[in-house]
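Chain letters run A, B, ... following the sequence lines, proteins first, then strands; residues in each count from 1.
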Number of protein chains: 2
Amino acid sequence: MIHFWKAGVVIIGNEILIGRVLDTNSQKVARALTMMGYEVLEIRKVKDDVDAIAKALKELLYEANVVVTTGGLGPTYDDVTAEALAYALGLPLEINQKARDMIERKVREMRLEMTKERLKMAVMPSTSKPIPNPVGVAPGIYIKFGNKKIFALPGVPAEAEAMLDYVISELENDSLLRRAEACERLENVREADIADIIRKVAKMYPDSYIKTHPGLEGNRPYVKVCVLASDESSEMAHRKAKNILNLIISEVMGA
Amino acid sequence: MIHFWKAGVVIIGNEILIGRVLDTNSQKVARALTMMGYEVLEIRKVKDDVDAIAKALKELLYEANVVVTTGGLGPTYDDVTAEALAYALGLPLEINQKARDMIERKVREMRLEMTKERLKMAVMPSTSKPIPNPVGVAPGIYIKFGNKKIFALPGVPAEAEAMLDYVISELENDSLLRRAEACERLENVREADIADIIRKVAKMYPDSYIKTHPGLEGNRPYVKVCVLASDESSEMAHRKAKNILNLIISEVMGA
């Protein structure tokens with residue numbers, strides 16, 4: 001049984017917990033980590049609250065090699081992710097000179113003024129590396145903590161997404177596995193009717209993840225079958241996923 | 001300071017953690033609970049795994065009065081939510097006769113066969129009340145556990161949404177507060193420029209939640225300001241939110 005490197009995701013923001021905003025960041029982050037060979041153990045959405053964020057970070061870091069957070073890096077009073085990181089890791093907060101330079105450059109480019117609210121975005125736990133934000137002003141925060149890596153990205157989806165490349169490049173040489181997925185829609189089939197076959201094939205390939213998604217088109221039922229497989233490279237993982245999927249299809253055809 | 005009743009949400013499904021599927025259930029559930037006067041403490045997304053689900057349930061139930069889960073109620077081998085509920089609460093699993101009747105009726109209506117996979121959806125922790133599923137086959141599970149209430153809904157978004165009405169009606173007489181929201185877009189304003197005003201008003205109304213969402217339209221910046229307020233009824237809460245929002249607007253205008 002393969003042991004994947006473990007990851008956790010923390011989505012920070014009251015607007016998520018009151019359901020005003022649909023969180024799309026967790027899917028993007030989870031997808032990227034999964035394809036890099038990580039097993040995402042848990043996604044937690046917590047309030048803009050130092051204790052709640054720090055608790056989630058500490059609990060996830062207990063098992064996870066990597067934790068990625070989004071949200072809480074902006075200029076407003078309720079952006080407390082840097083403080084929560086410092087508290088959770090026992091690191092002092094300080095003005096990060098590189099982050100300050102990044103913010104000042106952005107502020108000049110956008111012909112804005114440097115306010116104390118904007119300067120606040122340069123306050124990070126000591127040992128932080130600021131992550132350049134190609135879209136907005138707030139830099140992300142990267143902290144290596146022992147053998148763990150923590151990445152804090154902004155909550156604005158376009159910014160978080162743009163900074164995921166940085167995360168991926170920092171993880172490139174950690175997990176030696178990659179994952180890939182293959183899906184196929186089987187027509188005129190019901191989920192319950194092929195459950196036995198799926199269970200059998202899933203037992204044969206415990207390192208792959210097979211999932212069925214039932215649906216209806218008019219009166220005709222269908223099942224989308226997806227296989228997520230892992231191997232040394234994305235290409236090899238994709239080939240493996242295809243092979244398992246083909247085995248399922250031939251079993252269903254023969255049933 | 002008002003103490004809201006507390007709620008937790010658990011979204012169950014590997015397809016969420018590998019980022020294949022965008023979870024929209026947590027937003028819908030969190031929104032409904034919020035408007036019923038609950039404070040959603042945390043949303044956790046966990047794998048289709050008995051231990052992971054049971055751990056999330058137990059940890060959230062420690063603080064929350066209500067926990068709503070979605071996912072893991074279907075006929076396939078990886079649907080283990082009923083088992084996890086039983087394990088977390090220390091209740092035996094049994095075939096729930098009412099749930100079985102619901103499933104049999106649905107299966108007849110849809111001209112399907114009763115398989116052991118479909119029968120599995122009637123297996124619930126003892127003391128469960130099955131929640132009718134107006135859209136699909138799998139009944140939901142409602143458990144009163146001491147002074148806590150647990151609702152397990154299916155993962156298919158149309159089914160989960162249809163069953164939210166049941167949850168709401170069961171909570172009607174618990175929390176005596178309701179919440180409502182008012183939002184307004186302020187043009188030609190930047191988030192950092194009004195951060196001070198927002199902080200000041202937020203301090204004046206600690207029971208309300210004020211949040212700014214910055215944006216750009218072409219070159220013109222805007223900030224959407226939202227106020228979530230609570231009161232005895234939805235109408236009174238809405239009036240309060242409007243009043244606070246108007247105060248912010250007049251402060252910004254005067255600044």
Counting only heavy atoms closer than 4.5 Å, note whether [X] contacts chain B via side chain, backbone, both or neither.
| X | result |
| --- | --- |
| Glu113(A) | neither |
| Gln27(A) | both |
| Asp23(A) | both |
| Arg199(A) | both |
| Val21(A) | both |
| Arg190(A) | side chain |
| Leu112(A) | side chain |
| Thr115(A) | side chain |
| Asn14(A) | both |
| Lys28(A) | neither |

Portion of Arg118(B) that has a non-hydrogen atom of chain A nearer than 4.5 angstrom: side chain

Lys58(A) atom NZ, neighbour heavy-atom count above 12 within 6.0 Å: yes

Greater than 12 external heavy atoms within 6.0 Å of Lys242(A)'s NZ: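 It does not: Lys242(A) NZ has 12 such atoms or fewer within range.
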
For chain A, find which of [options] contributes the most heavy-atom pairs closer than 4.5 angstrom.
| options | value |
| --- | --- |
| Val29(B), Leu41(B), Ile194(B), Ile16(B) | Leu41(B) |
| Glu181(B), Lys47(B), Lys120(B) | Glu181(B) |
| Asn219(B), Asp78(B), Val46(B) | Asp78(B) |
| Met110(B), Met35(B), Glu39(B) | Glu39(B) |

Among Val40(A), Asp48(A), Thr24(A), Ile43(A), residue most engaged with chain B (heavy-atom pairs, under 4.5 Å): Ile43(A)

Backbone of Ile18(A) reached by a side-chain donor or acceptor of Arg31(B) within 3.5 Å: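 Looks like yes, one N/O pair under 3.5 Å.
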
Working for salt bridge (charged side-chain N to carboxylate O under 4.0 Å, His left out), residues Lys55(B) and Glu59(A): CA-CA 12 Å; Lys55(B) 180 170 171 284; Glu59(A) 288 180 14; 5.3 Å; no

Criterion side chain to side chain contact (heavy atoms under 4.5 Å, CB included) on Thr76(B) and Thr212(A), from CA distance to verdict: CA-CA 8 Å; Thr76(B) 55; Thr212(A) 50; 3.8 Å; yes

NZ on Lys211(A) to CZ on Arg20(B), rounded to 0.5 Å: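 Between Arg20(B) CZ and Lys211(A) NZ, I get 8.5 Å after rounding to 0.5 Å.
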
Considering all heavy atoms, the nearest [X]-[Y] contact:
| X | Y | answer |
| --- | --- | --- |
| Glu15(A) | Tyr209(B) | N-OH, 3.4 Å |
| Glu117(B) | Ala192(A) | OE1-O, 4.0 Å |
| Thr34(B) | Leu17(A) | OG1-O, 3.6 Å |

